Trainee: 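Before I ask anything, here is the structure I am working with.
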Amino acid sequence: MDQNKAMRSHLSPCRGLEARRRWYRAAARPTVLVVAASVAAALLMAGFLFGVRLTPSGGNTAWVSAGVRDVLKAVSNDQNGQGAAAGPLATVPDPGDRLLGGLLAPEFDDSSCLSRYRAALYRRPSVHAISSHLVFALRRYESLHRRCGPGTPAYARAVERLRAPPNASAATPSSSSAAGCSYLVWNPIEGLGNRILTITSGFLYALLTDRVLLLHSSGGALDDLFCEPFPGSTWILEEDESFPIPGMGHLTAGHHESLRSVLRRGEDPGAAPWLYVHLRHDYSKVHQDQQFFCDDLQAQLRRVPWLVFQSDNYFVPALFLIPGLERELGRMFPRRDLVFHHLGRYLFHPSNTVWGMVTRYHDEYFAKADERVGIQVRRFRWAPISTDELYGQILNCSQREGILPFPGAAAGGSNDGQLAKQKAVLVVSLHGEYSEKLRDLYQKNGSAGREAVSVHQPTHLGAQRSGEQQHNQKALAEMVLLSFSDAVVTTAVSTFGYVGQGLAGLRPWVLMNPVNGKAPGTPCRHAATMEPCFHTPPTYDCRARAKGDVGRIVRHIRHCEDFPQGVQLVE
């Protein structure tokens, strides 16, 4: 592709995108017309009796009280059977709305981040409602970040107070609260999928507790990956020798200023000028670390100006277990299974470098497709399986569930003169064998029915190298391409897959873990939720002050299908 053609692809939707949009709009109309009369009566009655407020959404049916929510779910169900109805004062974004129903702020310059307002043009339109309270909370947070972020006088004062001797800080415990600026500092660990999920978790916690989220970009971990998500400020904390918390990237659970150490010494955590919170997978062995998710400790932590945390887990479900945060979370997310879908699309916009990779590959291989299928393949050392066995599992799942056609006569047209449906398959894997086998299958045998299948794989890097910038850029480009899919098959337990499915707003078909090196009898399952799994949830029951099962406390948090030890949010 020449450079001018690539540039034009940035400036206008690719061929095929608008056709898909028209199809999505048209597909919804018959359902709306059939139920419109009966729904109208219910809405009017609800309005008169309960004062229900309706918010129009550019042609999409939107929100109401619980009394008519079940009726309206029939209008807004998507192809996965997932209703978009979310509760009072929530709307489904119009497919042409560049701000995604108020999710994105309008202040940014397009050229500084080409993906911010354009990525939605490449994805199937989201049918998942956004609550007005979440929109309000995001605008409020942006104002806080603009006032307290790096480079502001308030930030300079907060750093100076942190530099002051401990006894001086103790003498003026209310100085930080008076300034209204408290901070949550994220430290990078593990691969890009883990990093995206932990940043999302940290951001939600910051949103709920009026903290400013800062990313400690140790060793350039985030260089040229993402655009800045907050207008008029930065979320990058550039650590230098003068910063009052030295060695932030090397803090451990046993550090003198860790939450674990402070609790073991019997001290008041709220009196500390800063604390390190250890939320990595091994935190579940120590109840002092797990007490971070207890309501009484959260009340104390609100007085700590700086919290530094490190995690390799999507710990969002645990926030829903904190009584003091329940009401606010319920208002932001009336549907609990949409947390990452909304926050992921708000926070993570690929840099212009990464976006160029995405659009060039999309325009070359997927723009003319009638349907895009994403298959994400990952092998883990703890779940060994041979290449042939895993390939057979992928094929068994995708053909049995109607995601890919069975091989048959070559499809180029049909007896009635209709052109074959173009189905483009994206394979995302560190290894190239799976895409090669699929490509050979359909090139040699064609496909039964009216489908022409093409198979593509952007990279096969062989191994994960999370410390390399180009590796991370390619990984992010593949996550974004995966999120453009109309149907997704992912590997159990893979955070890479979690990110792709969440950005797409799809419940994936999940390839289940092997049993004794063999594919299981049920090759895949249609996930109950698009939410990522929290692999190592706390085992400490804050209310009982004893060991407990957090997957059995509330109805909207259940054990994960792909990793039973973990828990995830469901609707």
Side-chain angles (χ1 to χ4, degrees), residues 28 39 42-43 46-47 49-58 60-78 80-94 97 99-104 125-141 200-201 203-205 207-209 314 316-347 501-507 527-532 534 553-558 567-571:
V39 170
L43 293 179
L49 294 180
F50 306 112
V52 174
R53 175 181 170 188
L54 302 181
T55 306
S57 59
N60 288 292
T61 304
W63 300 141
V64 289
S65 72
V68 293
R69 190 178 303 148
D70 290 341
V71 178
L72 289 174
K73 280 184 179 180
V75 181
S76 56
N77 281 351
D78 67 6
N80 287 319
Q82 298 166 305
L89 298 178
T91 58
V92 178
D94 187 279
D97 180 7
L99 302 181
L100 306 182
L103 195 66
L104 304 182
S126 175
V127 296
H128 304 300
I130 300 170
S131 77
S132 60
H133 190 72
L134 175 60
V135 172
F136 169 77
L138 293 174
R139 299 294 88 81
R140 183 186 62 190
Y141 175 85
T200 306
S201 305
F203 176 69
L204 180 57
Y205 180 73
L207 198 63
L208 292 164
T209 57
Y314 179 73
V316 164
L319 300 180
F320 279 78
L321 294 172
I322 301 174
L325 304 180
E326 278 183 317
R327 182 173 181 273
E328 185 70 2
L329 283 166
R331 296 175 71 192
M332 289 182 187
F333 302 101
R335 273 196 56 165
R336 275 82 165 186
D337 60 345
L338 296 177
V339 176
F340 183 76
H341 177 59
H342 290 326
L343 295 187
R345 292 184 306 148
Y346 172 76
L347 288 171
Q501 74 197 36
L503 293 178
L506 294 172
R507 289 190 296 128
T529 176
M530 71 187 78
E531 274 289 295
F534 181 8
I553 295 177
V554 294
R555 293 176 59 189
H556 51 272
I557 297 178
R558 299 179 189 170
V567 296
Q568 60 191 160
L569 292 165
V570 297
E571 178 57 26

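Just so it is clear, the values below take in all heavy atoms, side chains as well, and ignore hydrogens, waters and symmetry mates. These figures come from a predicted structure and were not determined experimentally.
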Trainee: Do the side chain of Arg139 and the main chain of Gly102 share a donor and acceptor less than 3.5 angstrom apart?
Mentor: yes

Trainee: Decide yes or no on side chain to side chain contact (heavy atoms under 4.5 Å, CB included) for Met332 and His342, but give the supporting numbers first.
Mentor: CA-CA 10 Å; Met332 289 182 187; His342 290 326; over 6 Å; no

Trainee: Within the 4.5 Å heavy-atom criterion, are Glu531 and Val570 side-chain neighbours or not?
Mentor: no

Trainee: Any non-hydrogen side-chain atom of Phe320 less than 4.5 Å from a side-chain atom of Val554?
Mentor: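 Phe320 does not reach Val554 side chain to side chain.
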
Trainee: According to side-chain hydrogen bond (donor to acceptor under 3.5 Å, both in side chains), who are the partners of Glu328, at least two apart in sequence or on a separate chain?
Mentor: His133

Trainee: For Gln501 and Arg507, what are the C-alpha separation, side-chain angles and deciding distance, and is it a side chain to side chain contact (heavy atoms under 4.5 Å, CB included)?
Mentor: CA-CA 7 Å; Gln501 74 197 36; Arg507 289 190 296 128; over 6 Å; no

Trainee: Please check this pair: side chain of Glu571 against backbone of Arg336, looking for a donor-acceptor N/O pair closer than 3.5 Å.
Mentor: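 Checked: pair present.
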
Trainee: For a quick test of reading the model, state the closest non-hydrogen atom pair linking Leu99 to Asp97 and the distance between them.
Mentor: N-OD1, 3.0 Å

Trainee: So, taking the atom named CG in Leu207 and the one named CG in Leu343, what distance separates them when rounded to the nearest 0.5 Å?
Mentor: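 The CG atom of Leu343 is 7.0 Å from CG of Leu207, to the nearest 0.5 Å.
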
Trainee: Using only atom types and a distance under 3.5 Å, with no angle test, would you say the side chain of Thr529 pairs donor to acceptor with the backbone of Leu569?
Mentor: yes

Trainee: With heavy-atom distances below 4.5 Å as the criterion, would you say the side chains of Leu503 and Arg345 are in contact?
Mentor: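 Yes - at least one pair of side-chain heavy atoms lies under 4.5 Å apart.
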
Trainee: Measuring from Leu208:CG to Leu329:CG, what's the distance to the nearest 0.5 Å?
Mentor: 4.5 Å

Trainee: So do Phe333 and Leu204 actually touch side chain to side chain, heavy atoms under 4.5 Å?
Mentor: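 Side-chain contact under 4.5 Å: yes.
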
Trainee: Taking atom OG of Ser132 and atom CZ of Arg331, what is their separation to the nearest 0.5 Å?
Mentor: 8.5 Å

Trainee: If you define the side chain from C-beta out and look only at heavy atoms, does anything of Asp337 sit under 4.5 Å from His556?
Mentor: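 No, too far: nothing below the 4.5 Å cut-off.
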
Trainee: Compare all side-chain heavy atoms of Phe340 with those of Leu347 and state whether any distance is below 4.5 angstrom.
Mentor: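 Not touching, per the 4.5 Å side-chain cut-off.
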
Trainee: Not counting sequence neighbours, which residues clear side-chain hydrogen bond (donor to acceptor under 3.5 Å, both in side chains) with His341? List them please.
Mentor: Ser126

Trainee: Please round to the nearest 0.5 Å and tell me the distance separating atom CG of Leu138 and atom CZ of Phe203.
Mentor: 5.5 Å

Trainee: Where is the tightest heavy-atom contact between Leu338 and Ala129, given as atom of each residue plus distance?
Mentor: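 In this case the closest contact between Leu338 and Ala129 is CD1-O, 3.9 Å.
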
Trainee: Please walk me through it: do Gln568 and Tyr314 pass side-chain hydrogen bond (donor to acceptor under 3.5 Å, both in side chains)?
Mentor: CA-CA 9 Å; Gln568 60 191 160; Tyr314 179 73; over 6 Å; no

Trainee: Is any side-chain heavy atom of Leu103 less than 4.5 Å from a side-chain heavy atom of Leu134?
Mentor: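 Yes, side chains in contact.
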
Trainee: Say you draw a straight line from CZ of Phe136 to OG of Ser131; how long is it, rounded to the nearest 0.5 Å?
Mentor: 11.5 Å

